[in-house]
Structure formats: C-alpha cells, structure tokens
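Just so it is clear, the values below take in all heavy atoms, side chains as well, and ignore hydrogens, waters and symmetry mates. By convention here, the first residue in the shown sequence is residue 1.
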Amino acid sequence: MLKKTAVALTLMITAGWAHAERIGDVSTAFKFLGPDHKIVVDAYDDPKVRGVTCYVSRAKTGGLKGMVGLAEDRAEASIACRPVGPISFTGPLPKEEEVFSEGMSPLFKRLRIVRMVDRARNTLVYLTYSDKLIDGSPQNSVTAVPVDRATPIPSK
C-alpha cells in the first residue's frame with residue numbers, strides 16, 4: 001500500500017513537468033577521471049503554451065562525483081525563451097506556475113523554471129533559479145515572450 005501511494009505521489013508531482021532535450025554542451029575543464037566539467041544547453045517546450053521553447057544553459061559537474069551522480073552542480077543558469085511557431089494555449093494559465101523542474105544534486109537541489117503571466121502587456125515571463133531544501137540561491141535569470149495582441153492569454 002505504501003509503495004503504491006509513493007508511486008502515485010511521484011507521478012502526480014512530475015506529471016506537469018516537461019523533459020529537457022539536450023541541444024549541446026561545451027567542456028570547461030578537463031578531468032583525468034570521469035567526464036569533463038561542462039556547460040550544457042537544454043531546450044524545454046512549455047507544456048501549456050504551444051510554440052514557446054525555453055533554452056537553459058547551466059554548469060554540469062564532471063569528474064568521478066559527476067560520473068556516479070554525487071556531484072552538486074552550481075546554482076547558476078541562464079534562460080532564453082522564444083516563439084518557435086504560432087503561439088496557442090492548451091487552456092487557461094494561472095498568474096504564476098512552475099513549468100519545469102530538474103534535480104541538480106542528490107540532496108534536494110533543483111533547477112526550477114516558473115512562468116508568470118503579465119496580462120497588461122500580453123507577455124509570458126519565464127524565471128529560472130535553483131533552490132535547495134535548506135538554502136536556495138538568489139542567482140536567477142529572466143526572459144519574456146510577447147504574445148500577439150490578437151491572441152490574448154487565457155486567464156484562470
């Protein structure tokens with residue numbers, strides 16, 4: 001029973017999150033053992049806004065710890081979201097909603113992307129930051145995608 005509850009909770013929590021598509025990476029430091037330290041660029045399609053993709057660059061720790069999944073990646077990231085086709089909506093959007101989340105360490109550190117709606121300007125604002133169970137980081141990056149006035153953003 002406990003196992004079924006845990007599986008159901010995990011599915012509920014992750015159902016709205018999109019998965020990253022790796023666009024590319026560059027090595028920043030050579031490591032003799034394990035993969036090099038890198039900067040990776042991932043693409044995330046907004047699950048509720050068709051035609052918008054967010055590109056996030058961030059550091060990825062290599063070495064032995066990175067190879068076995070015990071490394072803690074730095075809390076720095078940059079984001080650029082762009083229209084990649086006609087923009088349409090799968091339904092109403094809340095004023096603020098987390099749309100992506102990805103683990104950055106084995107100890108509860110996560111990269112998060114939040115979509116905010118600026119209805120006065122008919123614009124979608126995306127914010128990326130990282131948090132940790134005890135102490136998050138104030139480092140962040142923001143980008144905005146204006147939506148054609150002929151396509152108002154549906155409100156919740």
Near Arg121 CZ, under 6.0 Å, is it more than 12 heavy atoms from other residues, nucleotides or ligands?
no
Does the side chain of [X] reach to within under 4.5 Å of the side chain of [Y], using non-hydrogen atoms?
{"X": "Arg115", "Y": "Asp46", "value": "yes"}
{"X": "Leu124", "Y": "Met116", "value": "no"}
{"X": "Val99", "Y": "Val114", "value": "no"}
{"X": "Val84", "Y": "Val52", "value": "no"}

Rounding to 0.5 Å, atoms OG (Ser101) and OH (Tyr44) come to a distance of 9.0 Å
In Å and rounded to the nearest 0.5 Å, what is the OG1 to CD1 distance from Thr123 to Ile153?
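So the gap between those two atoms works out to 6.5 Å.
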Below 4.0 angstrom, N of the basic side chain to O of the carboxylate: do Glu97 and Lys48 qualify?
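Result for this pair is yes, salt bridge flagged.
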Salt bridge between Arg50 and Asp45, side-chain N to carboxylate O under 4.0 Å?
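So Arg50 does not pair with Asp45 through a salt bridge.
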For the hydrophobic clusters of this structure (ILVMFWY residues joined by side-chain heavy atoms under 4.5 Å, transitively), does one cluster hold both [X] and [Y]?
{"X": "Tyr129", "Y": "Val41", "value": "no"}
{"X": "Tyr55", "Y": "Ile113", "value": "no"}
{"X": "Ile39", "Y": "Val56", "value": "no"}
{"X": "Phe100", "Y": "Val40", "value": "no"}

Kindly indicate, with the supporting measurements, whether the criterion side chain to side chain contact (heavy atoms under 4.5 Å, CB included) is fulfilled by Leu93 and Val49.
CA-CA 9 Å; Leu93 300 180; Val49 183; 3.9 Å; yes
Taking all non-hydrogen atoms of both residues into account, name the closest pair between [X] and [Y] and its distance.
{"X": "Pro152", "Y": "Ala150", "answer": "CD-O, 3.4 Å"}
{"X": "Arg119", "Y": "Pro154", "answer": "NH1-O, 3.6 Å"}
{"X": "Arg149", "Y": "Ala120", "answer": "NH2-O, 3.5 Å"}
{"X": "Cys81", "Y": "Val145", "answer": "O-CG2, 3.4 Å"}
{"X": "Asp148", "Y": "Asn122", "answer": "O-ND2, 3.1 Å"}
{"X": "Thr53", "Y": "Ala43", "answer": "CG2-CB, 3.9 Å"}

Got a sec, which residues hit side-chain contact (heavy atoms from CB on, under 4.5 Å) with Ala80, two or more places apart in sequence or on another chain?
Arg82
With sequence neighbours excluded, what pairs up with Ser78 under the side-chain contact (heavy atoms from CB on, under 4.5 Å) test?
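Per chain and number, Ser78 pairs via side-chain contact (heavy atoms from CB on, under 4.5 Å) with Ser57, Ser141.
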Evaluate the side chain to side chain contact (heavy atoms under 4.5 Å, CB included) criterion for residues Leu127 and Asn140: first the C-alpha distance (whole Å), next the side-chain angles of each, then the deciding distance (0.1 Å), finally the verdict.
CA-CA 7 Å; Leu127 168 72; Asn140 62 80; 3.8 Å; yes
Leu111 and Thr128: side chain to side chain contact (heavy atoms under 4.5 Å, CB included), yes or no, with the steps?
CA-CA 7 Å; Leu111 172 73; Thr128 186; 3.3 Å; yes
